[in-house]
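Structure first, then comments.
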Amino acid sequence: MKDCNCIFCKIANGEIPSTTLYEDEDFRVILDLGPATRGHALLLPKNHFANLFELDDETAQKAILVAKKMAGKMKDALGADGFNLVQNNGEAAGQTVHHYHVHVVPRKNGDDVTMTFGSFPKPSDEEMTAIKDKIKENM
Ligand code: 5GP
Ligand code: ZN
């Protein structure tokens with residue numbers, strides 16, 4: 001399940017060198033070349049999945065456990081006060097490399113990194129109910 005045109009397949013499987021923080025049978029965790037903060041890492045599965053919707057459940061479960069372990073280690077090593085786990089799916093959501101990956105972003109108190117939520121207009125109670133009903137009818 002590798003895609004020979006995919007740069008993250010090549011990095012995850014060691015064909016392109018990377019600054020690797022962790023590796024096991026299923027994943028490689030590397031430093032991001034365009035980091036949001038010092039120590040910004042990317043968790044890559046070794047198999048190719050374009051995004052969350054292609055990811056199998058077993059790999060999804062393992063991915064969050066590896067991300068958790070990495071954040072714990074990096075917290076101590078880098079003196080991080082907090083972490084963002086960010087995972088973009090589709091160009092609309094800002095995904096630029098179409099091989100599933102999780103950003104593990106160390107944060108410090110008072111750093112000037114902005115990941116803004118809350119700029120969208122506040123929904124009415126009716127709108128919230130309509131959204132909930134729409135999602136639930138597809139579950
Ligand atoms: P996305 O926007 O798809 O969620 O994030 C892609 C991330 O991959 C970006 O943060 C970008 O800096 C990083 N990136 C792209 N190409 C490379 C590369 O060749 N090596 C590394 N280490 N990071 C990369
Ligand atoms: Zn790939």
Side-chain angles (χ1 to χ4, degrees):
M1 281 202 291
K2 317 281 187 273
D3 177 342
C4 56
N5 291 316
C6 171
I7 186 160
F8 278 5
C9 277
K10 291 181 179 153
I11 292 174
N13 291 283
E15 290 166 42
I16 293 178
S18 61
T19 305
T20 295
L21 308 178
Y22 172 84
E23 183 181 5
D24 65 22
E25 197 183 329
D26 302 305
F27 299 98
R28 184 185 295 267
V29 180
I30 64 170
L31 285 181
D32 194 307
L33 282 185
T37 66
R38 182 169 180 269
H40 177 170
L42 298 172
L43 181 155
L44 316 175
K46 291 187 173 178
N47 284 326
H48 182 85
F49 308 94
N51 52 44
L52 183 66
F53 304 107
E54 286 195 2
L55 195 65
D56 64 79
D57 289 355
E58 190 187 345
T59 307
Q61 287 172 350
K62 285 183 180 171
I64 195 69
L65 293 175
V66 175
K68 179 185 175 190
K69 182 164 144 180
M70 287 309 301
K73 299 260 183 226
M74 290 163 69
K75 186 173 189 299
D76 296 338
L78 302 174
D81 300 310
F83 274 86
N84 296 107
L85 295 185
V86 179
Q87 204 275 300
N88 299 325
N89 295 283
E91 283 167 17
Q95 186 178 12
T96 58
V97 182
H98 296 277
H99 175 121
Y100 175 90
H101 53 280
V102 180
H103 297 258
V104 183
V105 185
R107 300 294 302 275
K108 297 251 186 178
N109 289 328
D111 68 23
D112 61 357
V113 178
T114 48
M115 297 187 198
T116 312
F117 285 83
S119 54
F120 197 70
K122 188 176 185 314
S124 64
D125 289 348
E126 292 75 21
E127 173 67 350
M128 296 225 274
T129 301
I131 294 166
K132 180 192 73 177
D133 291 346
K134 190 80 186 160
I135 293 169
K136 285 194 142 187
E137 81 187 20
N138 286 294
M139 288 177 91

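First listed ligand is number 1; within each ligand, the first listed atom is number 1. Below, each value reflects all heavy atoms present in this structure, side chains not excepted, and no hydrogens, waters or symmetry copies.
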Is Ser18 in contact with ligand 1, taking contact as a heavy-atom separation below 4.0 Å?
no
For Glu15, does its backbone N or O pair with a side-chain atom of Asn13 as donor and acceptor, under 3.5 Å?
no
Using a 4.0 Å cutoff against the non-hydrogen atoms of Ile11, which atoms of ligand 1 qualify?
18 (C), 19 (O), 20 (N)
Within reach of ligand 1, part of Gln87 (heavy-atom separation under 4.0 Å):
neither
For Pro35, check side chain to side chain contact (heavy atoms under 4.5 Å, CB included) against everything at least two apart and list the hits.
His40
Does Asp24 CG have over 12 foreign heavy atoms under 6.0 Å away?
yes
As a test of reading the structure, name the N/O/S atom of His48 that is nearest the Zn ion (ligand 2).
ND1
Here the atoms of ligand 1 under 4.0 Å from any heavy atom belonging to Ile7 are 19 (O)
Would you mind reporting whether Tyr22 and Leu43 have side-chain heavy atoms less than 4.5 Å apart?
no
CD/Glu137: more than 12 non-hydrogen atoms of other groups inside 6.0 Å:
yes
For ligand 1, does His98 get within less than 4.0 Å through its side chain, its backbone, both, or neither, judged by non-hydrogen atoms?
neither
Main-chain N/O of Val113 paired to Arg107 side chain as donor or acceptor, under 3.5 Å
yes
Does Glu54 use its side chain to pair, donor to acceptor, with the backbone of Tyr100 at less than 3.5 Å?
no
Looking only at protein heavy atoms, which one is nearest to atom 1 (P) of ligand 1, and what is the separation?
His101 NE2, 3.2 Å
For the 3.5 Å polar cut-off, considering only N or O atoms, please tell me whether Gln95 and ligand 1 meet it.
no
Indicate if the distance from the Zn ion (ligand 2) to the nearest N, O or S atom of His98 falls below 2.8 Å.
no
Spell out, as yes or no, whether a donor-acceptor pair under 3.5 Å connects the side chain of Arg28 to the backbone of Thr20.
no
For Asn88, counting its heavy atoms only, list the atoms of ligand 1 lying under 4.0 Å from any of them.
1 (P), 2 (O), 4 (O)
Phe8-ligand 1 polar pair, N/O distance under 3.5 Å:
no
Report the nearest protein non-hydrogen atom to atom 10 (O) of ligand 1: residue, atom name, distance rounded to 0.1 Å.
Asp32 OD2, 2.5 Å
Is the distance between the ring centroids of His99 and His101 under 6.0 Å?
no
Looking at His103, which atoms of ligand 1 are within less than 4.0 Å of one of its heavy atoms?
1 (P), 4 (O), 5 (O), 7 (C), 10 (O)
Is the backbone of Pro106 close enough, under 3.5 Å, to the side chain of Thr37 for a donor and an acceptor to pair up by distance?
yes
Minimum side-chain heavy-atom gap Asp81-Asp111 below 4.5 Å:
no
Please indicate whether any nitrogen or oxygen in Leu31 is less than 3.5 Å from any nitrogen or oxygen in ligand 1.
yes
Heavy-atom nearest option to atom 6 (C) of ligand 1, drawn from Thr96, Val86, Leu42:
Thr96
Looking at atom 23 (N) of ligand 1, what's its closest protein heavy atom, distance included?
Leu33 N, 3.4 Å
Could you find the nearest protein heavy atom to atom 2 (O) of ligand 1 and give me its residue, atom name and distance?
Gly94 O, 2.9 Å
Give the atom name of whichever N/O/S atom in His99 sits closest to the Zn ion (ligand 2).
ND1
